[in-house]
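Structure record follows, encoded as structure tokens.
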Amino acid sequence: MSEETIAIEDLNAEQAARELARLAAEIGDHDRRYHTEDAPVVSDAEYDALKRRNLAIEARFPDLKRADSPSDRVGGGILEKFEKVTHRVAMLSLDNAFSEEDVRDFVERVRRFLKLDTQAPLAFTAEPKIDGLSLALRYEEGKLVTAATRGDGAVGENVTANAKTISDIPHVLSGTVPEVIEVRGEVYMTKSDFAELNRRQEAEGKQTYVNPRNTAAGSLRQLDTSITASRPLKFFAYAWGDTSGLPADTQLGVVECFAAWGFVVNPLMKRFETVEGLLEQYRLIESERAELAYDIDGVVYKVDDLSLQQRLGFVSRSPRWAIAHKFPAEKATTVLKDIEIQVGRTGALSPVARLEPVTVGGVVVSNATLHNEDYIAGIGSDGQPIREGRDLRIGDTVTIYRAGDVIPKVMDVDLSRRPKDSAQYVFPETCPACGSPATREVNEKTGRMDSVRRCTGSLICPAQAVEKLKHFVSRNAFDIDGFGAKQAEAFYNAELVKNPAEIFTLQTRDEASLTRLKNRDGWGEQSAANLFDAIEARREIDLHRFIYALGIRHVGEGNAKILARVYHSARGFVDAMEAAGDHESEAWNDLVNIDGIGPIVAQALAEFFAEPHNAAIVEQLLEEVQPLDAEQVATDTAFSGKTIVFTGSLERMSRDEAKAMAERLGAKTAGSVSKKTDLVVAGPGAGSKLKKASELGIEVIDEDEWFTRIGE
DNA sequence: GGCCCTCGAGTTCA
DNA sequence: CTCGAGGGCC
């Protein structure tokens, strides 16, 4: 295309029109080869360059845009980002079974819950668990309106345009369908399509992909729909979410309807009346696993009768009526090259195994956690030997597996291949970063030694300082744009930011520091200005984020929110914590009486603020940032300043809601009844607290009375 | 004292 | 994601 590649600004209208026509034909040709013949003749980069040039010319000569412009073509849209979609029915995960015994237990649990005796009939479905990514397809009046990824189960991403490029996904359902139905299933890539894709990548000298699952996930999350369209994705339908009415009353029946509507359903899904039937199907699927066209990682069993499913309901995040029987985790053998000690934000010394890289479950693993020193020595957390006392040594040949198919773990050691000169690993008793003694605390409650060894140099340890800084800027804390973990470490090492307060004085620092900042690799005036803007934007911050960001031991997001709610303002919180250093004080008493805060957490807070260095940094921070007071609470209600205890099971609200409600009305909530308690709201099943309340002569009301009093 | 649940902390790879 | 610890409750 040598002579045609005239700079766009030099094109005249006639040349532009000619080139647009040429581009339309050429891009259309590539699309055809790519999508239908699966045999592209240009690289993705060249193809993208053509599309960009087409877009640029259209931008300069909008009137010349052709009716068949490639930029309008379906499968050619490029999105900025995916929109969020809130699932109307949460996409839950499944409980796992790892042995036949687990499966028998599961069936027993279901029977017990339904109060069925062992003879009563109870049917389950069994189907392979596809190793892909789940997708929810919402159809209204038979038309596909939204496709959403699972996300965190509650909120996913809208990938409708991409889902529409998958041929297994009907745009319109055939036959009689409910007005609204959300069909759920798994997007996957077959093993042979994956291999073919990699062959193509290799032929073009491009990077190859690691495994079909990740590739399928990556393909579905492309902002450029034409890329998704070019990938050979497939879909199995096997479940549902929100619906105006189901077409059948059994699991299998509904899935059969899916097939009738035009979905592809897995042929290995079957119905069984007995546990033995399920287990036989498991063994059958396992024996055929290698020959299947797609990757699977287990077999899913579900109660077939939907009315029983409904009765069974859910436990925390998974349905009580289904379980995933996982295949044994893939194992691999490799050499433990070294043991490195990392120092965490709280000073925890955690050993990490450096491994000879090895492929496990489709990914190359070169690091694995070793938990703590007892794990290396072969002692379990209960004091019992694991690996029958075989310890791990540098140079050992070890087996590793990926727990839950994600986190690699070192499982066992092959003693027959242990080098003769190997020595028992000696866990350091001083911090590798600062040299301070590293000790194991004794748990006062149980008298047992803590499983983690901690560096005691919290104030001088550079490793802890860096980790604290990373925590401070992390996503749920200050979340400063362009100041992530990597920058935190770099800025610390460059001595530009040594503690959180210094982030906010960066811009007003002396000339020399600013020059050093701007002269850093890849930095300049503009990047520095962007960073300063991002920092400015965070000078106002929610109080709970502020508390969480301090990185106090035992104070995570949950406890930070509790504290923010109780103390309202940063000043109030800090003053109370400093006063709580005295265990005789009212401040301490109030603190340990907060529902959710016990003596350990209270002690950690008091200790943090008793340390002058910490207190000083908090004060410096408060000069730089303005934590926003937590939700204003009323001071003029009947409950202002009162301490309320909720006990027993509450039926019209969750305990958290109840507490939030009381606190909005100006009350304090506590976990236990004392003579400071003003009111006890007791639901059914209240025990000792109710008794104590009557002993102390404290007023007790039930939930209904509570709602009456607050006027709802 | 023991059981159950939630929260915190640490970790891997694409 | 998983493990262990802390907290609440019986």
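A, B, ... follow the sequence lines: proteins, then strands. Residue 1 opens every chain. What you see is a predicted model, and the numbers here were worked out from it, not measured in a lab.
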NZ/NE/NH1/NH2 to OD/OE distance under 4.0 Å, A:Glu202 and A:Arg199: no
Send over the distance from A:Asp595 CG to B:dC5 P, rounded to a whole Å. 17 Å
Look at the side-chain N and O atoms of A:Thr369 and state whether any lies under 4.0 Å from the OP1 or OP2 oxygen of B:dA9. no
Taking NE2 from A:His371 and P from C:dG4, how many angstroms apart are they, rounded to a whole number? 8 Å
Nearest whole Å is fine: how far is B:dT12 C1' from A:Leu355 CG? 11 Å
With DNA chain B as reference, determine whether A:Gly558 or A:Ser366 sits nearer its 5' end, using the nearest nucleotide of each. A:Gly558
Answer yes or no: does a side-chain N or O of A:Ser350 lie under 4.0 Å from OP1 or OP2 of B:dT11? yes
Quick check for you: among B:dC13, B:dG8, C:dG6, whose closest atom lies nearest to any side-chain atom of A:Ile600? C:dG6
Considering just the side-chain nitrogens and oxygens of A:Gln342, establish if one lies under 4.0 Å of OP1 or OP2 belonging to B:dG10. no
Give a yes/no answer on whether the side chain of A:Arg345 brings an N or O atom under 4.0 Å of OP1 or OP2 in B:dA9. yes
Between atom CD1 in A:Ile400 and atom P in B:dT11, what is the gap in whole Å? 17 Å
For A:Trp588, is there any backbone N or O sitting under 3.5 Å from a side-chain donor or acceptor partner on A:His583? no
Atom-pair distance (CD1 on A:Ile562; C1' on B:dC7), nearest Å: 9 Å
Would you please say whether a donor-acceptor pair under 3.5 Å links the side chains of A:Thr346 and A:Arg454? yes
Of the nucleotides B:dG8, B:dC13, C:dC3, which has the atom closest to the A:Lys409 side chain? C:dC3
Checking A:Glu557 now: which residues fulfil side-chain hydrogen bond (donor to acceptor under 3.5 Å, both in side chains) with it, not counting sequence neighbours? A:Asn476
Partners passing side-chain hydrogen bond (donor to acceptor under 3.5 Å, both in side chains) against A:Thr228 (at least two apart in sequence or in another chain): A:Asn162
Do any side-chain nitrogens or oxygens of A:Thr346 fall under 4.0 Å of OP1 or OP2 in B:dG10? yes
So if I take every side-chain heavy atom of A:Val352 and compare against B:dG10, C:dG6, B:dT12, which nucleotide ends up nearest? B:dT12
Charged N to carboxylate O below 4.0 Å: is that the case for A:Asp396 and A:Arg390? no
Under 4.0 Å between a side-chain N/O of A:Asn367 and OP1 or OP2 of B:dT11, yes or no? no
Could you check whether A:Glu607 pairs with A:Arg553 (Lys NZ or Arg NE/NH1/NH2 to Asp/Glu carboxylate O, under 4.0 Å)? no
A:Asn214 side chain: which of C:dA5, B:dG8, B:dA14 is closest? B:dA14
Closest approach to the side chain of A:Pro599, judged atom by atom: which nucleotide of C:dG8, C:dG7, C:dG6 is it? C:dG7
Starting at atom CD of A:Glu340, determine the distance to atom P of B:dT12, rounded to an integer number of angstrom. 10 Å
Can you check the A:Lys561 NZ to B:dC7 P distance for me, whole Å? 9 Å
Sugar-phosphate only, base, or nothing, as touched by A:Val452 at under 4.0 Å among non-hydrogen atoms: nothing
Check: A:Thr456 side chain, A:Pro437 main-chain N or O, donor-acceptor pair, under 3.5 Å: yes
Table of protein N/O atoms under 3.5 Å from nucleotides 2-4 of chain B N/O atoms:
none

Which nucleotide wins on minimum distance to the side chain of A:Ser451, given the candidates C:dG6, C:dC3, C:dG4? C:dG4
Rounding to an integer number of Å, can you tell me how far A:Leu349 CG sits from B:dT11 P? 10 Å
Could you tell me whether A:Ala217 contacts a base, only the sugar-phosphate backbone, or nothing, with contacts defined as non-hydrogen atoms closer than 4.0 Å? nothing
